[in-house]
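Structure record follows, encoded as structure tokens.
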Amino acid sequence: PRRVSVDAIEHWMIYQENPDVGAILHVHAWVEGIESTQLVFPCGSEELARAVAELVRACPDPAEAIVGLRNHGITATGSGLLEILDRIEARVQRQVPMIG
């Protein structure tokens with residue numbers, strides 16, 4: 001069935017604040033050395049969306065950000081999906097570190 005992604009709130013917030021963002025990619029993988037949410041929020045919650053949007057906003061270039069969702073995965077922004085994949089591919093780790 002057609003339905004909105006559980007990440008729609010998060011993505012909407014990022015697009016609203018960052019008009020240079022052309023695409024957002026969320027994957028259940030990890031990138032070492034990125035900033036991450038401090039708490040584990042329920043997927044699709046407004047709290048998670050706000051925390052991720054805040055991390056993207058704090059990046060040197062929000063239009064090319066990679067931020068972590070604690071114990072969950074990453075959200076990356078870019079001009080398009082291929083650009084994001086090219087930029088992060090070599091850094092992506094399949095296993096998300098689980099932090100107490």
Side-chain angles (χ1 to χ4, degrees):
R2 291 182 164 211
R3 61 181 179 203
V4 175
S5 165
V6 69
D7 301 315
I9 298 169
E10 171 190 317
H11 294 193
W12 178 81
M13 286 182 177
I14 293 169
Y15 283 127
Q16 287 293 109
E17 291 184 12
N18 305 284
D20 292 337
V21 171
I24 298 171
L25 176 69
H26 170 73
V27 293
H28 298 157
W30 199 251
V31 171
E32 199 65 40
I34 60 174
E35 293 295 322
S36 175
T37 59
Q38 294 301 304
L39 301 173
V40 177
F41 296 104
C43 292
S45 69
E46 184 176 344
E47 294 84 3
L48 178 60
R50 288 188 188 284
V52 172
E54 193 172 298
L55 287 171
V56 169
R57 185 182 320 115
C59 287
D61 184 0
E64 290 191 354
I66 306 171
V67 299
L69 290 68
R70 187 177 180 131
N71 295 350
H72 184 80
I74 65 166
T75 292
T77 63
S79 59
L81 290 176
L82 290 178
E83 181 273 323
I84 295 170
L85 290 169
D86 287 344
R87 184 166 36 90
I88 72 170
E89 181 179 24
R91 298 176 59 196
V92 171
Q93 302 169 356
R94 292 181 182 203
Q95 186 69 35
V96 175
M98 301 306 277
I99 302 166

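When all heavy atoms of Y15 and G22 are compared, the closest pair comes out as OH-O, 4.0 Å. The minimum heavy-atom distance between R87 and G78, with the atom names listed, is NH2-CA, 3.7 Å. Contact record, C59 with A65: SG-CB, 3.6 Å, taken as the closest heavy-atom pair. Of all non-hydrogen atoms in Q93 and A29, the two that sit nearest each other are O-CB, 3.3 Å. Shown here for S36 and W30, the closest heavy-atom pair between the two residues is OG-CH2, 3.7 Å. Summarising the geometry of N71 relative to P97, their closest heavy-atom pair is OD1-O, 3.4 Å, with the distance given to 0.1 Å.
Side-chain contact check for V67 versus I34: every heavy-atom pair is 4.5 Å or farther apart. At a threshold of 4.5 Å between non-hydrogen side-chain atoms, the residues N18 and T77 do not count as touching. Under the 4.5 Å side-chain criterion, counting only non-hydrogen atoms from C-beta, L25 is in contact with I88. Using a 4.5 Å cut-off on side-chain heavy atoms (C-beta onward), I14 and T75 make contact.
When the side chains of ILVMFWY residues are joined at heavy-atom separations under 4.5 Å, either directly or via intervening members, L69 and V27 end up in two distinct hydrophobic clusters. V21 and L48 end up in the same hydrophobic cluster when Ile, Leu, Val, Met, Phe, Trp and Tyr side chains are linked at under 4.5 Å. Linking ILVMFWY residues whenever their side-chain heavy atoms come closer than 4.5 Å, directly or via other members, places V96 and V31 in the same cluster. Tracing side-chain contacts under 4.5 Å through hydrophobic residues (I, L, V, M, F, W, Y), one reaches V56 starting from F41; they form part of the same cluster. The hydrophobic clustering, which links ILVMFWY residues whose side-chain heavy atoms are closer than 4.5 Å, places V52 and I9 apart.
Here R50 pairs with E46 in a salt bridge; the nearest charged N to carboxylate O distance falls below 4.0 Å.
Ring planes of H26 and H72: parallel class, angle under 30° (limits at 30 and 60°).
No more than 12 heavy atoms of other residues, nucleotides or ligands lie within 6.0 Å of CG in L82, so this atom counts as exposed by the packing criterion. Applying the 6.0 Å contact sphere to CD of E17 captures more than 12 heavy atoms from other residues, nucleotides or ligands.
Atoms CD1 and CD1, on I24 and I84 in that order, are 8.0 Å from each other to the nearest 0.5 Å. The structure places CG of D20 at 10.0 Å from OG of S79, a figure rounded to the nearest 0.5 Å. Here the straight-line distance linking atom CD1 of I74 with atom NE2 of H28 works out to 10.5 Å at 0.5 Å rounding.
No donor-acceptor distance shorter than 3.5 angstrom exists from the side chain of R70 to the backbone of L39, with no hydrogens or angles considered. Judged by distance alone, the side chain of E64 and the main-chain N or O of P62 form no donor-acceptor pair under 3.5 Å.
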